[in-house]
Asker: 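After the C-alpha cells below, expect a handful of questions from me.
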Amino acid sequence: MEKIARQVFLYDFYGDLLTDHQKSVYEDVVLNDMSLGEIAEERGISRQGVHDLVKRCDKILAAYEEKLHLAERFLKTKDDVTQILKLAASDSDPEVMREIREISERILDEL
C-alpha cells in the first residue's frame, strides 16, 4: 500500500487513540497535505519537531495495527463480501451455495 494511503487507512482506524495535538499535526501533514515548514510556522514549533511527531504517530498507529489487526480484518472481510457478491451473481448450483455458506459463516465467526 502506498505510504500516504496506508497512513490515512491506519489513521481512520486508530486516529482517535492519538492525543489532540498529535491528531491535529498528523491530519495537517497526511490529510491536509501541508508542508512540515507550514505546520511548524503555524504552530510555533520546529520543522524537526513536526517531522519527529509525524514519525512517532506513524509508529504508534502501526503498533496498534500490529496488536489489534483491525485494518487487516477489515480488508479481509471486504474481500470475503466481494467474493460472496460474485458467487451470488452466478448460478445457484449446490457447490456455489455451499461456498457462499462457508464464507458467510467465516465472516460471522470473525465478527
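By convention here, the first residue in the shown sequence is residue 1. All values below were derived from every heavy atom in this structure, side-chain atoms included, with hydrogens, water molecules and symmetry-related copies excluded.
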Asker: Take E38 and D28, measure what side chain to side chain contact (heavy atoms under 4.5 Å, CB included) needs, and give me the verdict at the end.
Answerer: CA-CA 9 Å; E38 290 172 319; D28 282 346; over 6 Å; no
Asker: Applying side chain to side chain donor-acceptor pair (under 3.5 Å), run through N32 and E27 and close with a yes or a no.
Answerer: CA-CA 6 Å; N32 300 329; E27 286 176 3; 5.5 Å; no
Asker: Can we say D52 and R56 salt-bridge, meaning some charged N sits less than 4.0 Å from an Asp/Glu carboxylate O?
Answerer: no
Asker: Just how far is it from atom CG of L70 to atom CZ of F9, taken to the nearest 0.5 Å?
Answerer: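 Answer for the CG-CZ pair, L70 versus F9, is 10.0 Å.
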Asker: Enter the distance from L85:CG to I100:CD1 here, rounded to the nearest 0.5 Å.
Answerer: 9.5 Å
Asker: Let me confirm one number: the NE2-OG distance from H51 to S46, rounded to the nearest 0.5 Å.
Answerer: 11.0 Å
Asker: Could you give the distance from CD (E66) to NZ (K59), rounded to the nearest 0.5 Å?
Answerer: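 Atom-to-atom, E66:CD and K59:NZ are 12.5 Å apart.
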Asker: Mind checking salt bridge (charged side-chain N to carboxylate O under 4.0 Å, His left out) for E95 and listing every partner two or more places apart, or none if nothing turns up?
Answerer: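 Counting only residues at least two positions away or on another chain, E95 forms a salt bridge (charged side-chain N to carboxylate O under 4.0 Å, His left out) with R98.
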Asker: Run the numbers on I39 and E42 for side chain to side chain contact (heavy atoms under 4.5 Å, CB included), then give the verdict.
Answerer: CA-CA 5 Å; I39 298 165; E42 184 178 287; 5.7 Å; no
Asker: Run the ring pair (Phe, Tyr, Trp, His ring centres under 6.0 Å) test against Y14 and tell me which residues pass, sequence neighbours left out.
Answerer: Y64
Asker: Could you walk me through whether L61 and F13 pass the side chain to side chain contact (heavy atoms under 4.5 Å, CB included) test, one step at a time?
Answerer: CA-CA 9 Å; L61 297 174; F13 279 90; over 6 Å; no
Asker: Contact between L53 and V29 at the side-chain level, heavy atoms closer than 4.5 Å - yes or no?
Answerer: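 Of all side-chain heavy-atom pairs linking V29 with L53, none is under 4.5 Å.
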Asker: Has Q83 got more than 12 heavy atoms of other residues, nucleotides or ligands less than 6.0 Å from its CD?
Answerer: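 Count over threshold, so yes.
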Asker: List for me each residue that meets salt bridge (charged side-chain N to carboxylate O under 4.0 Å, His left out) alongside D16, sequence neighbours excluded, and say none if there are none.
Answerer: K23
Asker: If you compare all heavy atoms of E65 against all heavy atoms of A71, which two are closest, and at what distance to 0.1 Å?
Answerer: OE1-N, 3.0 Å
Asker: Find out whether E72 and K76 are in side-chain contact, i.e. whether some heavy atom of one side chain is under 4.5 Å from a heavy atom of the other.
Answerer: no
Asker: I need the L31 CG to I4 CD1 distance, nearest 0.5 Å.
Answerer: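 That separation rounds to 9.0 Å.
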Asker: With rounding to the nearest 0.5 angstrom, report the CD to NZ distance, E99 to K86.
Answerer: 11.5 Å
Asker: Does the T77 side chain pair with the main chain of R73, one donor and one acceptor, at a distance under 3.5 Å?
Answerer: yes
